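Let me begin by presenting the structure, written as structure tokens, before commenting on it.
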Amino acid sequence: MSNVSVCVRFRPLNARESLQASGASCIRQLDNECVMFKDEKDQEETTFTFDRIFYEDSFQADVFDFVALPIVRDAMNAINGTVLTYGQTGAGKTHSMEGPSIQTNDPKLKGILPRVTQIIFDLIERADEAAEFLIKLSMVEIYMEKIRDLLDTKKDNLQVKENKLHGIFVAGVTEKYVQSEKEMLQILQTGLANRAVGQTLMNCESSRSHCVFLLTIQQSDIEDRSIKTGKIYLVDLAGSEKVEKTGAEGKLLCEAKTINKSLSALGNVINALTSDKPCHVPYRDSKLTRILQDSLGGNSRTALLCCCSPSTLHASETLSTLRFGTRAKLIKNKPRVNSERGRHELESLLQKSYQECDQLRAQLLMSSARLRSLNQGSAYIVLKSQSE
Ligand SMILES: Nc1ncnc2c1ncn2[C@@H]1O[C@H](COP(=O)(O)OP(=O)(O)OP(=O)(O)O)[C@@H](O)[C@H]1O
């Protein structure tokens with residue numbers, strides 16, 4: 001499997017698009033991997049190719065299976081992964097990531113996040129008897145270049161730090177230990193209610209921030225005492241938009257400019273990673289790229305879901321989203337090339353030693369959580385074998 005998969009999802013036309021543009025489409029479906037794009041003013045169509053293209057009639061379950069399921073399976077085997085939804089405001093990022101709501105009663109409409117939650121606990125149920133799990137959840141949003149803790153809104157300017165033991169991390173972020181799917185969904189709902197949304201011409205509940213969910217899955221084998229840890233970042237990006245189309249002014253305009261700046265920082269990082277020549281990778285240009293530094297390219301798995309409107313009304317935004325996805329596609333299987341590569345190789349040797357320390361620390365943590373769970377009926381640990 002390659003390290004980066006790039007998929008595109010076209011949502012159905014909305015009422016405004018059906019009315020104003022008489023339902024005219026800027027795309028022509030070829031197959032599951034190729035789509036033709038044509039703006040009204042273009043003479044010729046352009047072909048775009050991706051790992052998978054989901055058209056207007058696609059199902060949430062199929063999007064999850066292709067985009068996120070391999071990443072969850074890998075995370076259970078200690079390979080970190082990231083799923084990002086990218087696209088203009090109102091293109092279907094939140095619909096794909098969460099569904100109409102995180103706790104929707106319609107199982108068909110469940111988005112990636114509730115499905116990830118479900119599959120993690122299903123996999124735990126089916127795991128080997130000797131396996132014990134510790135599941136941790138953190139949620140932050142990056143709003144106006146400030147990191148806010150969605151699980152404790154008093155923490156509204158968290159800092160990204162780096163050390164040899166943990167790599168890149170958000171210092172002081174709330175980490176909730178979760179023991180069931182139901183509990184996880186409740187926490188997610190509470191956190192999401194704290195997210196900054198605003199009303200734009202394009203979407204009456206537009207996300208004005210990048211929302212980053214971090215799930216940590218720690219698995220210990222009670223027989224051989226080995227521990228493995230996998231992390232999954234799920235990122236619902238704020239809308240990439242042409243400022244004039246959203247009707248933004250004042251504070252909204254300022255928000256839109258900040259969002260565009262950080263999305264272009266993400267684009268620049270992707271460009272640098274795909275460059276043939278050694279070059280500096282500008283991770284530090286935005287909080288978003290800084291947080292994701294360890295999970296773009298490298299050994300981790302990344303899935304980018306580019307969400308688009310098929311309407312001619314939004315042809316230029318759709319084109320820029322398709323181009324963004326095409327740039328990201330070039331990272332595939334490509335070794336990370338940058339001016340700091342030599343240093344990285346040396347550091348990775350050092351990192352191995354630190355990881356051994358981390359394992360010991362994790363074993364200690366797991367033992368103490370298990371003890372607490374047994375003594376006090378604490379909700380800290382998911383015991384695989386409930387009969388214990
Ligand atoms: N695949 C889809 N099928 C049906 N409806 C969809 C689909 N994708 C999006 N929608 C609908 O389109 C509207 C906008 O979608 P959504 O809120 O997901 O956009 P967004 O990209 O997250 O926007 P923003 O960046 O402003 O948050 C919502 O009403 C949503 O239900």
Side-chain angles (χ1 to χ4, degrees), residues 7-20 23 25 27 29 35 52-68 83-115 141-144 150 192-213 234-243 245-248 251-253 255-260 262-263 266 288 304-311 313-314 317-318 320-322 324-325:
C7 301
V8 170
R9 185 178 199 186
F10 294 98
R11 65 154 166 75
L13 293 170
N14 61 28
R16 184 170 157 245
E17 292 162 348
S18 302
L19 205 69
Q20 283 189 11
S25 176
I27 57 152
Q29 176 173 350
V35 65
R52 180 75 186 261
I53 301 171
F54 299 95
Y55 294 95
E56 292 94 315
D57 54 356
S58 62
F59 295 110
Q60 296 279 62
D62 294 336
V63 173
F64 168 77
D65 285 350
F66 196 91
V67 175
V83 179
L84 300 129
T85 53
Y86 178 93
Q88 79 172 113
T89 290
K93 300 179 294 295
T94 306
H95 181 85
S96 300
M97 187 58 88
E98 296 166 24
S101 84
I102 204 77
Q103 302 216 60
T104 177
N105 291 326
D106 186 342
K108 277 198 208 142
L109 292 179
K110 280 203 250 175
I112 291 171
L113 192 49
R115 286 175 196 271
E141 71 172 349
I142 307 172
Y143 176 71
M144 302 290 278
L150 290 173
L192 283 167
N194 292 326
R195 199 178 168 190
V197 292
Q199 191 167 12
T200 70
L201 290 179
M202 305 279 298
N203 191 356
C204 64
E205 274 224 338
S206 177
S207 321
R208 311 311 298 150
S209 62
H210 307 302
C211 192
V212 182
F213 308 89
L234 298 168
V235 187
D236 184 2
L237 293 166
S240 58
E241 60 222 356
K242 289 220 162 128
V243 170
K245 276 220 171 175
T246 58
K251 184 179 164 228
L252 274 186
L253 180 64
E255 279 175 356
K257 284 183 176 167
T258 316
I259 291 166
N260 285 351
S262 64
L263 288 173
L266 180 63
L288 174 68
L304 178 67
L305 181 65
C306 296
C307 300
C308 305
S309 158
S311 169
L313 276 185
H314 306 303
E317 284 82 0
T318 294
S320 85
T321 300
L322 295 173
F324 187 91

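In each ligand, atom 1 is the first atom listed, and ligand 1 is the first ligand listed. Everything numeric here is computed off the predicted structure, so don't read it as measured data. What you see below is based on every heavy atom in this structure, not just the backbone, and it leaves out hydrogens, waters and symmetry mates.
Taking each of Ser209, Gly99, Gly239, Gly92 in turn, the one with a heavy atom nearest to atom 19 (O) of ligand 1 proves to be Gly92.
Although no hydrogens or angles enter the test, the distance criterion places a donor-acceptor pair under 3.5 Å between the side chain of Lys93 and the main chain of Gly87. Formation of a donor-acceptor pair under 3.5 Å by the Thr104 side chain with backbone atoms of Pro100 is not found in this model. Using a distance-only test at 3.5 Å, with no hydrogens or angles considered, a donor-acceptor pair links the side chain of Gln60 to the main chain of Leu109. At distances below 3.5 Å, at least one donor-acceptor pair connects side-chain atoms of Ser25 with backbone N or O atoms of Pro310.
A salt bridge does not link Asp62 to Arg52: none of the charged nitrogens lies less than 4.0 Å from a carboxylate oxygen. Between Arg11 and Glu17 there is a salt bridge, since a side-chain N of the basic residue sits under 4.0 Å from a carboxylate O of the acidic one.
In this structure, Tyr86 has its ring center closer than 6.0 angstrom to the ring center of Phe324.
Summarising the geometry, atom CD1 belonging to Ile142 is positioned 8.5 Å from atom OG belonging to Ser209; distances are rounded to the nearest 0.5 Å.
Considering backbone and side-chain N/O atoms, Gly90 comes within less than 3.5 Å of an N/O atom of ligand 1. When only interatomic distances are considered, the shortest N/O to N/O separation between Arg11 and ligand 1 does not fall below 3.5 Å. In terms of polar-atom proximity, defined here as any N/O pair under 3.5 Å, Lys93 does make such a contact with ligand 1. At least one N or O atom of His95 sits closer than 3.5 Å to an N or O atom of ligand 1.
Remark: distances from the non-hydrogen atoms of Gly87 to ligand 1 are all 4.0 Å or more. Ligand 1 lies within reach of Arg9, whose nearest heavy atom is under 4.0 Å from it.
Atoms of ligand 1 lying under 4.0 Å from at least one heavy atom of Ala91, given by number and element, are 19 (O), 20 (P), 21 (O). Residue contact check: Thr94 has heavy atoms under 4.0 Å from atoms 18 (O), 20 (P), 22 (O), 27 (O) of ligand 1. Here is the list of ligand 1 atoms found below 4.0 Å of a heavy atom in Gln88: 21 (O).
Contacts between Pro12 and ligand 1 below 4.0 angstrom, taking non-hydrogen atoms only, involve the side chain exclusively.
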